[in-house]
Amino acid sequence: MTTVTSYNPARPAEVLGEFPAADAAAVDRAVAAAAEAQRSWAKVPVPLRADIVAEAGRLLAERKDELATLVSREAGKVLVEGGGEVQEAIDMAAFVAGQGRSAMGQVVPSELRDKMAYTTRIPVGVVGMITPWNFPMAIPSWKCFPALLAGNGIVIKPSELAPVCGEAFVDVLAESGVPDGLIQVVHGAGDVGAALTTHPGIGAVSFTGSVPTGRKVAAAAMETGPRVVSLELGGKNAMIVLDDADLELATDGALFGAFGTSGQRCTSTSRVLVQRGVAAELVERVATRAAELTLGDPTDPTVDVGPIITRQSAERIAGMLDHAVGEGASVAGDSGICEVEGCDGGAFFHPTVLTGVRPEHRLAREEAFGPLLSVIEVDSDDEAVDVVNQVEYGLSAAVYTQDVNRALRAVDGIDTGICYVNAPTIGAEIPLPFGGTKHTGNGFREAGARGIEQFSQVKSVYIDYSGRLQRAQIDTE
Ligand code: UN1
């Protein structure tokens, strides 16, 4: 690939931007330039770095509408979701800017007299980032703001499907006062990502994307030297609906969770585990409302569901649907790829509700990254929790019930990084950590108070002001 071309997924003939793809030499230059700028940046006091992040938040807020439209055009999200995405970046800026004037370590009592012990955070150097197309502003913000606050340089490879949003986000940072050279953008596909993550000049790698790619990234990154590697990977997120749930609320949650962003969030609801007694009614409600959703150009404010990011992706989702039907699932209502008037060539996909799915079916276990909602019937609360946990992913889950005891017992039993009660599986907020258990990640979390940990290392400092040799563990009387 020598050029990265961005297309509007709703009308692929419309080109939104074109960028030269990086080669290994370009990645080298980018890492060297970021490393050079990082040396002075590391000396800038943290609160002053935070001021630049705050300014980026202010600029993002000023341009929210314009950027939301860009997200909508390039990533195919409906306008309100484009706005929500930019808001997520604004929130992240506010949160990280505040961290610049907050504690960054701990002071602990020393076992010896006239001695103190504390921790501080130090940069990792240059961070290599690989970000996905589906949150082309928010996810770069989750990574760039804390990485900058921690004193690092950055080389970011935005998804080749959303390079214009990636550039627009980095432009905001440059205008906010981030020093020249400190953030570098490289464009391209997996080969550029591989050149970046294995580059010896990179101190940390932060990747958001699929499980298979994440595994490759982590293995390759460690081959060329020990470094911090943080992964945010897929989900097979479930919503439990118990038999006392408010079914209208659960229906609203299922629709937004499963069909918001056309099901293309890592947090999207792809399974509803419903207690048998209320299953028929819930399916009826969800299928009826799904059929009422309007598909179309996501920049049209009357549209509910935008396109799938590429036709190839839509075909992959259709393949998973066919396979599920082959395994015995039935479709309740419309399903599959469809065309929309005025959106020539755009691959749209009917919000699809499947019944008769069993936990062992492929669609109940593998991420579809599309608008396929599998309904699985369960008998009890315990069975519902067991089925939530039967997949290899552990990102997000929800439980709908009006009984606080049942809700909290489910929360305790669910093995995911994020859990909701009476709210859908999407829509995490910035101040709490974002990430998952099991194969969804490798233990790091983005956002939240500890989000900075993937971009910094801890240094333990001991200061002895006794004026004599004091031996720890020996001179302790
Ligand atoms: C993603 O899909 O990769 O919780 C991120 C949410 C959003 C972030 C999703 N705040 O749905």
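Every heavy atom of this structure was used, including side-chain atoms; hydrogens, water molecules and symmetry mates were not. In this text the structure is predicted, and so the values were computed from the model without any measurement.
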Exercise. Say whether, by atom type as modelled, one donor and one acceptor occur between the side chain of Asp334 and the main chain of His350 under 3.5 angstrom.
Key: no
Self-check item: Side chain to side chain, Gln264 and Phe349, heavy atoms closer than 4.5 Å
Solution: no
Quiz item: Looking at Phe135, is Lys77 sitting on its ring face, NZ or CZ under 6.0 Å from the six-membered ring centre and within 45 degrees of the normal?
Solution: yes
Quiz prompt | Asp386 versus Gln390, side-chain donor and acceptor atoms under 3.5 Å | solution = no
Quiz item: Under the 3.5 angstrom rule, does the side chain of Arg73 hit a backbone N or O of Tyr7 as a donor-acceptor pair?
Solution: no
Quiz prompt | Student check: side-chain heavy atoms of Leu295 and Cys338 closer than 4.5 Å | solution = yes
Quiz item: Between Lys143 and Thr208, does any side-chain donor sit less than 3.5 Å from a side-chain acceptor?
Solution: yes
Quiz item: Is there side-chain contact between Ile156 and Cys144, with heavy atoms separated by less than 4.5 Å?
Solution: yes
Quiz item: Would Arg289 and Asp252 pass as an ion pair if we require N to O under 4.0 Å?
Solution: yes
Practice problem: Compute whether any side-chain donor of one residue and acceptor of the other, for Ser380 and Asp382, lie under 3.5 angstrom apart. | Solution: no
Quiz item: Side chain of Ser374, backbone of Val357: donor and acceptor closer than 3.5 Å?
Solution: no
Exercise. Assign the ring pair His187 / Phe19 to parallel, tilted or perpendicular, where the plane angle (0 to 90°) is split at 30° and 60°.
Key: parallel
Quiz item: Does any N or O in the side chain of Glu367 come within less than 3.5 Å of the main-chain N or O of Gly235, such that one atom is a donor and the other an acceptor?
Solution: yes
Exercise. Taking the side chain as every heavy atom from C-beta outward, state whether Leu79 and Thr69 have any atom pair closer than 4.5 Å.
Key: yes
Exercise. Determine yes or no for a side-chain-to-main-chain donor-acceptor pair under 3.5 angstrom, with Arg271 supplying the side chain and Ile240 the backbone.
Key: no
Practice problem: Taking the side chain as every heavy atom from C-beta outward, state whether Arg365 and Leu363 have any pair of such atoms under 4.5 Å apart. | Solution: no
Quiz prompt | Non-hydrogen side-chain atoms of Ile430 and Val96 separated by less than 4.5 Å | solution = no
Self-check item: Heavy-atom donor-acceptor pair, Thr416 side chain to Ile418 backbone, under 3.5 Å
Solution: yes
Quiz item: Any side-chain donor paired with an acceptor under 3.5 Å for Asp244 and Thr401?
Solution: yes
Quiz item: Side chain of Lys236, backbone of Leu395: donor and acceptor closer than 3.5 Å?
Solution: no
Quiz prompt | Phe169 ring center near Phe145 ring center (under 6.0 Å) | solution = yes
Exercise. Would you check if the side chain of Asn389 reaches a backbone N or O of Asp415 as a donor-acceptor pair within less than 3.5 Å?
Key: yes
Quiz item: So which heavy atom on Ala150 is nearest to which on Phe455, and how close?
Solution: CB-O, 3.5 Å
Quiz item: Is there a donor-acceptor pair closer than 3.5 Å between any side-chain N or O of Asn152 and the backbone N or O of Ala147?
Solution: yes
Quiz item: Is it true that a side-chain atom of Ser335 and a backbone atom of Val331 form a donor plus acceptor pair closer than 3.5 Å?
Solution: no
Exercise. Would you check if Ile154 and Ile183 make a side-chain contact, meaning some heavy-atom pair closer than 4.5 Å?
Key: yes
Quiz prompt | Sole candidate of Leu67, Val172, Ile90 that passes side chain to side chain contact (heavy atoms under 4.5 Å, CB included) when paired with Leu59 | solution = Val172
Quiz prompt | Pairwise side-chain contact, Leu282 with Val272, heavy-atom cut-off 4.5 Å (strictly under) | solution = yes
